Participant: 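Below is a structure I'd like to ask you about.
Numbered from 1 within each chain, the chains take letters A, B, ... in sequence-line order. All values derive from a computational prediction rather than experimental measurement.
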Number of protein chains: 2
Amino acid sequence: MQDGTFDAPSYLKGTRPAPDVLRGDVFARDCPTRQLLDRVGDKWSVLILRLLGEAPMRFSLLKRRIAGISQKMLSQTLRSLERDGLLTRHAEATVPITVTYSITPLGHELLAALRAMIDWAETRMPAVAQAQQIYDART
Amino acid sequence: MQDGTFDAPSYLKGTRPAPDVLRGDVFARDCPTRQLLDRVGDKWSVLILRLLGEAPMRFSLLKRRIAGISQKMLSQTLRSLERDGLLTRHAEATVPITVTYSITPLGHELLAALRAMIDWAETRMPAVAQAQQIYDART
DNA sequence: CAGCATCCATGACGATACTG
DNA sequence: CAGTATCGTCATGGATGCTG
């Protein structure tokens with residue numbers, strides 16, 4: 001039993017306290033925060049979530065409200081968010097077809113969790129911009 | 001006056017309420033949230049901020065605690081965060097040189113604003129993973 | 001120890017054209 | 001209307017080698 005049944009390091013089996021130094025591997029790779037940022041840290045996800053947080057919306061309306069997004073990226077990002085369970089797609093078999101996207105409870109939860117970050121960005125990004133100017137002005 | 005003095009659309013001049021539809025341009029480009037995510041949505045920034053939120057730390061310790069990061073990315077990300085005013089660099093002229101990084105009040109603020117997101121990720125990413133499996137299993 | 005310089009692979013993203 | 005398919009570009013980030 002001293003060696004354990006598999007090859008996991010001892011601090012992963014709880015026989016030693018995670019040593020703070022060198023638990024990096026787990027921290028960096030499994031870190032749920034990174035996984036989340038991998039998905040919503042892209043160019044459009046949060047923007048789309050915020051819009052759908054206001055109200056369900058059709059593809060074309062999203063396209064018009066998010067100036068600068070391409071059909072490809074909108075479509076791709078929507079599919080990704082749907083896959084993640086953050087929004088749902090509802091297609092009506094009209095001619096032409098009508099597709100509406102809505103945020104899910106899980107998506108709403110995430111949006112709520114992002115609220116503080118969004119607020120911070122809106123009030124404090126000027127301070128960041130100022131810090132940059134000072135940094136860039138240094139000889 | 002009916003046509004206005006420049007070629008800006010009327011809702012930008014306040015002669016009509018921003019119509020919800022079509023205010024996309026401003027929303028998408030100036031959005032502080034996007035600016036923030038452009039800076040901390042990368043692979044390592046939040047991780048570094050979290051570590052420095054615990055305690056000031058030297059380059060080599062950061063390198064060891066974040067398994068998988070290259071010197072290049074660590075150095076590059078640290079410089080970017082320093083430029084943004086989120087952390088400070090202190091170099092001591094020992095031989096060899098000793099460099100310590102600390103989080104700033106602004107960085108601490110941001111970290112606090114990210115707390116809800118981090119917590120959400122830690123508790124709810126399993127739900128996201130499950131949603132993905134269901135999505136991928138659909139024929 | 002704490003970097004910088006360089007090269008290279010990958011993938012994110014945009015533009016364009018086409019479709020049920 | 002709501003997409004898919006294809007192509008090209010550019011930025012991100014890893015690997016390697018060198019330095020004060």
Participant: Output the rounded distance in Å from CG (B:Leu61) to C1' (C:dA2).
Facilitator: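 These atoms are roughly 14 Å apart.
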Participant: Considering only heavy atoms, which members of residues 77-87 of chain B lie under 4.0 Å from some atom of DNA chain D?
Facilitator: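 Residues of residues 77-87 of chain B under 4.0 Å from DNA chain D: none.
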Participant: What about A:Met57 and A:Ile97, same hydrophobic cluster or not, with Ile/Leu/Val/Met/Phe/Trp/Tyr joined at side-chain heavy-atom distances under 4.5 Å?
Facilitator: yes
Participant: How far apart are the closest heavy atoms of B:Pro96 and B:Thr94, and which atoms are they?
Facilitator: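 Heavy atoms of B:Pro96 and B:Thr94 come nearest at O-OG1, 2.7 Å.
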Participant: Each nucleotide N or O in nucleotides 14-19 of chain C that has a protein N or O under 3.5 Å away: list the pair and distance.
Facilitator:
| unit_1 | atom_1 | unit_2 | atom_2 | d |
| --- | --- | --- | --- | --- |
| C:dG14 | OP1 | A:Lys43 | NZ | 3.0 |
| C:dG14 | OP2 | A:Trp44 | NE1 | 3.4 |
| C:dG14 | N7 | A:Lys72 | NZ | 3.4 |
| C:dG14 | O6 | A:Lys72 | NZ | 2.3 |

Participant: Just to verify, what does A:Ala127 make a side chain to side chain contact (heavy atoms under 4.5 Å, CB included) with, not counting sequence neighbours?
Facilitator: A:Arg124, B:Leu106
Participant: What salt bridge (Lys or Arg N to Asp or Glu O under 4.0 Å) pairs are there with at least one residue in residues 40-49 of chain B, not counting sequence neighbours?
Facilitator: none
Participant: Do you know the tightest heavy-atom contact between B:Val40 and B:Val46?
Facilitator: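 Closest approach of B:Val40 to B:Val46, heavy atoms only: O-CG2, 3.4 Å.
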Participant: Enumerate the residue pairs fulfilling salt bridge (Lys or Arg N to Asp or Glu O under 4.0 Å) with a member in residues 84-108 of chain A, sequence neighbours excluded, ordered by first and then second residue.
Facilitator: A:Arg39-A:Asp84
Participant: Can you list every side chain to side chain donor-acceptor pair (under 3.5 Å) pair that touches residues 67-78 of chain A, not counting sequence neighbours?
Facilitator: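 Every pair satisfying side chain to side chain donor-acceptor pair (under 3.5 Å) with a residue in residues 67-78 of chain A: A:Ser75-A:Arg79.
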Participant: In whole Å, what is the span from the CE atom of B:Met57 to the P atom of C:dC1?
Facilitator: 16 Å
Participant: Under the side chain to side chain contact (heavy atoms under 4.5 Å, CB included) test, which residues partner B:Glu122, sequence neighbours left out?
Facilitator: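 Here the qualifying residues are A:Pro32, B:Arg50, B:Ile118, B:Asp119.
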Participant: Five pairs per end, C1' atoms only: what is the angle between the end axes of the helix from C:dC1-D:dG20 to C:dG20-D:dC1, to 10 degrees?
Facilitator: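 Rounded to the nearest 10 degrees, the bend comes out at 50°.
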Participant: Take atom CD of B:Gln76 and atom C1' of D:dG13, then tell me their distance rounded to the nearest Å.
Facilitator: 8 Å
Participant: Who passes side chain to side chain contact (heavy atoms under 4.5 Å, CB included) against B:Gln133, sequence neighbours left out?
Facilitator: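 Checked B:Gln133 against side chain to side chain contact (heavy atoms under 4.5 Å, CB included); zero matches.
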Participant: Do B:Leu36 and A:Trp120 come close enough that some side-chain heavy atom pair is under 4.5 Å?
Facilitator: yes
Participant: Give the minimum heavy-atom separation between A:Leu52 and A:Tyr101, together with the two atoms involved.
Facilitator: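 Heavy-atom minimum between the residues: CD2-O, 3.5 Å.
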Participant: How many Å lie between CG on B:Asp42 and C1' on D:dA11, as a whole number?
Facilitator: 12 Å
Participant: My understanding is that only residues two or more places apart in sequence, or in another chain, count here; which of them pass side chain to side chain contact (heavy atoms under 4.5 Å, CB included) with A:Ala131?
Facilitator: none
Participant: Separation of B:Lys63 atom NZ from D:dA15 atom C1', in whole Å?
Facilitator: 11 Å
Participant: In whole angstrom, what separates B:Ile66's CD1 from D:dG14's C1'?
Facilitator: 15 Å
Participant: Enumerate the residues from residues 88-101 of chain B whose closest heavy atom to DNA chain C is under 4.0 Å, giving them by residue number; use none for an empty result.
Facilitator: B:Arg89, B:Pro96, B:Ile97, B:Val99, B:Tyr101
Participant: Once rounded to the nearest 0.5 Å, what's the spacing between atom CG of B:Leu78 and atom CG of B:Leu86?
Facilitator: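 Taking CG in B:Leu78 and CG in B:Leu86, the distance rounds to 11.5 Å.
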Participant: Which whole-number value in Å describes the distance from B:Phe59 CZ to C:dA2 P?
Facilitator: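 Between P of C:dA2 and CZ of B:Phe59: 7 Å.
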Participant: Please determine whether a side-chain nitrogen or oxygen atom of B:Arg58 lies at a distance below 4.0 Å from atom OP1 or OP2 of C:dA2.
Facilitator: yes
Participant: Considering residues at least two apart in sequence or located in another chain, which fulfil the side chain to side chain donor-acceptor pair (under 3.5 Å) criterion with A:Ser102?
Facilitator: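 If we apply the side chain to side chain donor-acceptor pair (under 3.5 Å) test to A:Ser102, skipping adjacent residues, there are no hits.
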Participant: For A:Leu74 and D:dT4, what is the distance between atoms CG and P respectively, to the nearest whole Å?
Facilitator: 11 Å
